[in-house]
Amino acid sequence: MRKKIVAGNWKMNNSLQEGIELAKEINGLVESTDIKDVEVIIGAPFVHLTELNKAITSNKIRISAQNCADEKSGAYTGEISASMIESTGTQCVILGHSERRSYYGETNEILVKKTNLCLENKLTPIFCIGEVLEERESGKHFDVVKSQIAEGLFHLSAEDFGKVILAYEPVWAIGTGVTASADQAQEMHAFIRKTLVEKYGEAVAQDCSILYGGSCKPSNANELFSNEDVDGGLIGGASLVAEDFMGIITAF
């Protein structure tokens, strides 16, 4: 049975001290709450990773980076390699977030390289896909998402693809206050799983966790997570408040 996952993406927020305190608060809430079969992931800035891996004591929580370089090493000032991330004890990396695609021009070709490097370093990619408002309104949303999956991930063997977590982001619902309806989320998640069946077969597709990443809050998490193909969430703003993040985790 595929994993239920709630992953927080802190983005460019929190000083190191603030991040440690928030992580400890989340750690305490997770340890004191009966959350069976739910995995929690905290996606933090690079400078937090080493200290958060020391601060987290719960075996229900994993730490994730928010990005990695598309090269192994070398003269790439300011970049952080997958092997550097792995050396901190971090276990996951968020790849292809809509902000990285939009603000920094990340292409599917770049993401192929990043995905390969993560897997080579035993890091779990949390691979983001999703359409912008114009693409949805023009009826291209299914084609866009299928292309992102195929061009970014379908070079992988079934075994390696099985190590990937997918996160569907309706970009038009991130930070806008607009949320995709539960029916819209389920429709896209079911389409994604069907796309995986066509490439890898039923077993691999059914084993893949697909997270919803568009303005998920404690107030709508239960409705979203009750859908058959929605396996959790990639949470932005609500992950910065421990009680709100916990409210989403317990929605299962």
Side-chain angles (χ1 to χ4, degrees), residues 2-3 5 7 9 39 41 43 46 62 64-74 76 79-87 90-132 135-136 140-171 187-213 229-232 234:
R2 59 183 177 262
K3 291 180 180 178
I5 300 168
N9 179 14
E39 180 178 288
I41 298 173
F46 289 129
R62 291 199 285 171
S64 175
Q66 298 174 14
N67 184 34
C68 76
D70 59 353
E71 298 290 344
K72 286 186 177 182
S73 62
Y76 303 102
E79 290 295 291
I80 307 293
S81 71
S83 62
M84 291 175 182
I85 293 168
E86 189 277 335
S87 72
T90 298
Q91 298 166 296
C92 309
V93 180
I94 298 171
L95 295 179
H97 191 279
S98 59
E99 292 160 1
R100 298 294 313 176
R101 292 178 186 264
S102 175
Y103 304 158
Y104 302 99
E106 289 195 359
T107 63
N108 292 322
E109 291 76 18
I110 289 172
L111 293 172
V112 165
K113 295 173 68 177
K114 291 188 176 190
T115 300
N116 291 345
L117 288 166
C118 283
L119 292 172
E120 285 175 17
N121 286 278
K122 297 181 173 54
L123 295 166
T124 298
I126 303 173
F127 194 92
C128 300
I129 49 182
E131 80 283 2
V132 300
E135 292 165 339
R136 174 163 281 268
K140 297 178 181 177
H141 46 299
F142 293 121
D143 291 338
V144 168
V145 169
K146 185 172 185 177
S147 176
Q148 289 172 341
I149 297 170
E151 294 180 21
L153 294 173
F154 278 1
H155 67 288
L156 297 175
S157 67
E159 180 182 0
D160 279 343
F161 182 83
K163 302 168 186 174
V164 175
I165 298 167
L166 292 181
Y168 166 61
E169 306 179 285
V171 183
E187 179 185 41
M188 182 58 84
H189 282 232
F191 171 78
I192 292 168
R193 207 171 302 282
K194 178 176 178 291
T195 299
L196 302 184
V197 170
E198 292 169 357
K199 172 65 176 178
Y200 292 112
E202 190 73 26
V204 171
Q206 290 301 329
D207 197 45
C208 179
S209 294
I210 308 173
L211 313 184
Y212 172 76
D229 290 293
V230 179
D231 305 310
L234 178 61

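All values derive from a computational prediction rather than experimental measurement.
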Exercise. Got a second to check how far N9's CG is from L211's CG, nearest 0.5 Å?
Worked result: 11.5 Å
Exercise. Taking the side chain from Q148 and the backbone from G130, do they hold a donor-acceptor pair closer than 3.5 Å?
Worked result: yes
Exercise. Can you check whether L111 reaches R101 side chain to side chain, under 4.5 Å on heavy atoms?
Worked result: yes
Problem set entry | NZ/NE/NH1/NH2 to OD/OE distance under 4.0 Å, K146 and D143 | no
Exercise. N121 side chain to L117 main-chain N or O, any donor-acceptor pair under 3.5 Å?
Worked result: yes
For this session: Just grab all the ring-ring contact (aromatic ring centres under 6.0 Å, His included) pairs involving residues 146-166, residues at least two apart or on different chains.
Result: F154-Y200, F161-Y200
Exercise. Side-chain contact, heavy-atom cut-off 4.5 Å: L95 with C68?
Worked result: yes
Exercise. Heavy-atom distance under 4.5 Å between the side chains of N116 and L156, does that happen here?
Worked result: yes
Problem set entry | Separation of E131 CD from S147 OG (nearest 0.5 Å) | 13.0 Å
Exercise. Is there a side-chain contact between L166 and L196 (heavy atoms, below 4.5 Å)?
Worked result: yes
For this session: Grab the two heavy atoms, one from G105 and one from I110, that are nearest each other, plus how far apart they are.
Result: O-CD1, 4.2 Å
For this session: List the steps, then state whether side chain to side chain contact (heavy atoms under 4.5 Å, CB included) holds for D229 with I210.
Result: CA-CA 7 Å; D229 290 293; I210 308 173; 5.7 Å; no
Seminar exercise, completed: Value for CD1 (I129) from CD1 (I192), rounded to nearest 0.5 Å, stands at 3.5 Å
Exercise. What residues form a side chain to side chain donor-acceptor pair (under 3.5 Å) with Q206, not counting sequence neighbours?
Worked result: R2, E202
Exercise. For S98 and V171, which heavy atoms make the closest approach, and how far apart are they?
Worked result: CB-CG2, 3.7 Å
Problem set entry | I85 side chain reached by F46 side chain, heavy atoms, under 4.5 Å | yes
Exercise. Is there a donor-acceptor pair closer than 3.5 Å between any side-chain N or O of R62 and the backbone N or O of I41?
Worked result: no
For this session: Can you see which heavy atom on G43 is nearest to which on I94, and at what distance?
Result: CA-CD1, 4.5 Å
For this session: Taking all non-hydrogen atoms of both residues into account, name the closest pair between K163 and P125 and its distance.
Result: O-CD, 3.8 Å
Exercise. Between the main-chain N or O of H141 and the side-chain N or O of R136, is there a donor-acceptor pair closer than 3.5 Å?
Worked result: no
Exercise. Regarding Q66 and H97, is there a side-chain donor-to-acceptor distance under 3.5 Å anywhere?
Worked result: no
Problem set entry | Under 3.5 Å: donor-acceptor pair, side chain of S64, backbone of C92 | yes
Exercise. Any sub-3.5 Å donor-acceptor pair from E135's side-chain atoms to K140's backbone N or O?
Worked result: no
Problem set entry | Residue pair E109 / T107, side-chain donor-acceptor N/O under 3.5 Å | yes
Exercise. Is the closest side-chain heavy-atom distance between D231 and R193 below 4.5 Å?
Worked result: yes
Exercise. Is any side-chain heavy atom of K114 less than 4.5 Å from a side-chain heavy atom of N67?
Worked result: yes
Problem set entry | Main-chain N/O of K3 paired to S209 side chain as donor or acceptor, under 3.5 Å | yes
Exercise. If you round to the nearest 0.5 Å, how far is CG of D70 from OG of S81?
Worked result: 11.5 Å
Exercise. Of all heavy-atom pairs between G152 and T115, which one has the smallest distance, and what is that distance?
Worked result: O-OG1, 4.3 Å
For this session: Hey, can you tell me if F191 and F142 have their rings parallel, tilted or perpendicular (30° and 60° cut-offs)?
Result: tilted
Exercise. With a 4.0 Å cut-off, would you call K122 and E86 a salt bridge?
Worked result: no
Problem set entry | E120 side, atom CD; D160 side, atom CG - distance, nearest 0.5 Å | 9.5 Å
